[in-house]
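All remarks here apply to the structure that follows.
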Amino acid sequence: MTTPAPKLRFATVWLAGCSGCHMSFLDLDEWLFELATHVDVVFSPVASDAKTYPDDVDVCLVEGAVANADNRELALQLRQRTRLVVSFGDCAVTGNVPALRNLWSDVDGGSRQSVLDRGYLELADTGAQHPHAPGIVPELLERVLPLHEVIPVDLYLPGCPPSAQRIRAAIEPLLRGEMPPMQGKAMLQFG
Ligand code: SF4
């Protein structure tokens, strides 16, 4: 009788993104049951509200760009504790939608204060004010960055969001200890 292969320790992380990439992951539907026979989900916003990223993670899908101090801290931490980091979706790969705020700060001299003024004061219909609870709102970075500008990334999985088929095609080889062939429109198209 053969001993089953040990399960991979699998994580997903949500930085500055809309959660659409995670919704697409959930679109894997019944294949999630198959995935569960190969992995233990040790950290994920769709599995628990755990706040501490664990040690010894094998694979982590990272959705979203790096937009604030909390995003950056988590990105650095997960890189230290993860064998294979996947830049998951266009926001992680290029900055995409969250990085649109860079256009505003570029015009106005690159100030994150100008971004906050624009968002919370100038565009407010009522009750214009900055968020004011110390320690509650993470500090914005001067610019929104794609993940690979903050930490080394092992695999890029583009798409806004990547389709469930593309996510599965990327994950299945990883379960066998192989890198997926990221080639062609089916695997690499943005948007
Ligand atoms: Fe949302 Fe698209 Fe960004 Fe994914 S890549 S977090 S779907 S905006």
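The first residue of the sequence shown is numbered 1, and numbering continues consecutively from there. This is a predicted model, so every value here is computed, not measured. One-based numbering, in listed order, for ligands and for the atoms of each. The figures here come from the full heavy-atom set of this structure, side chains too, leaving out hydrogens, waters and symmetry mates.
Here is the list of ligand 1 atoms found below 4.0 Å of a heavy atom in Gly17: 6 (S). Atoms of ligand 1 lying under 4.0 Å from any heavy atom of Asn96, numbered from 1 in the order shown and given with element: 2 (Fe), 3 (Fe), 5 (S), 8 (S). Taking a cut-off of under 4.0 Å to the non-hydrogen atoms of Gly159, the atoms of ligand 1 that pass are 5 (S). Atom numbering of ligand 1 starts at 1 in the shown order; those under 4.0 Å from a heavy atom of Glu63 are 6 (S). Every atom of ligand 1 is numbered from 1 in the order shown, and the set under 4.0 Å from a heavy atom of Pro161 is 7 (S).
The backbone N or O of Asp90 lies less than 3.5 Å from a partner atom in the side chain of Thr94, making a donor-acceptor pair. Without hydrogens or angle criteria, Thr37 side chain to Glu34 main chain gives a donor-acceptor distance under 3.5 Å.
Salt bridge present: Asp55 and Arg81 bring a charged side-chain N and a carboxylate O closer than 4.0 Å. Remark: Asp56 does not engage Arg9 in a salt bridge, criterion side-chain N to carboxylate O under 4.0 Å. A salt bridge links Lys7 to Asp40: one of the charged nitrogens lies within less than 4.0 Å of a carboxylate oxygen.
Here the closest non-hydrogen pair linking Pro45 and Trp14 is CG-CB, 3.9 Å.
The option from Cys91, Ala92, Cys160, Gly95 that lies nearest to atom 3 (Fe) of ligand 1, judged by heavy atoms, is Cys91.
Looking only at protein heavy atoms, the nearest one to atom 4 (Fe) of ligand 1 is Cys21 SG, 2.3 Å. With respect to atom 1 (Fe) of ligand 1, the closest heavy atom belonging to the protein is Cys18 SG, 2.3 Å.
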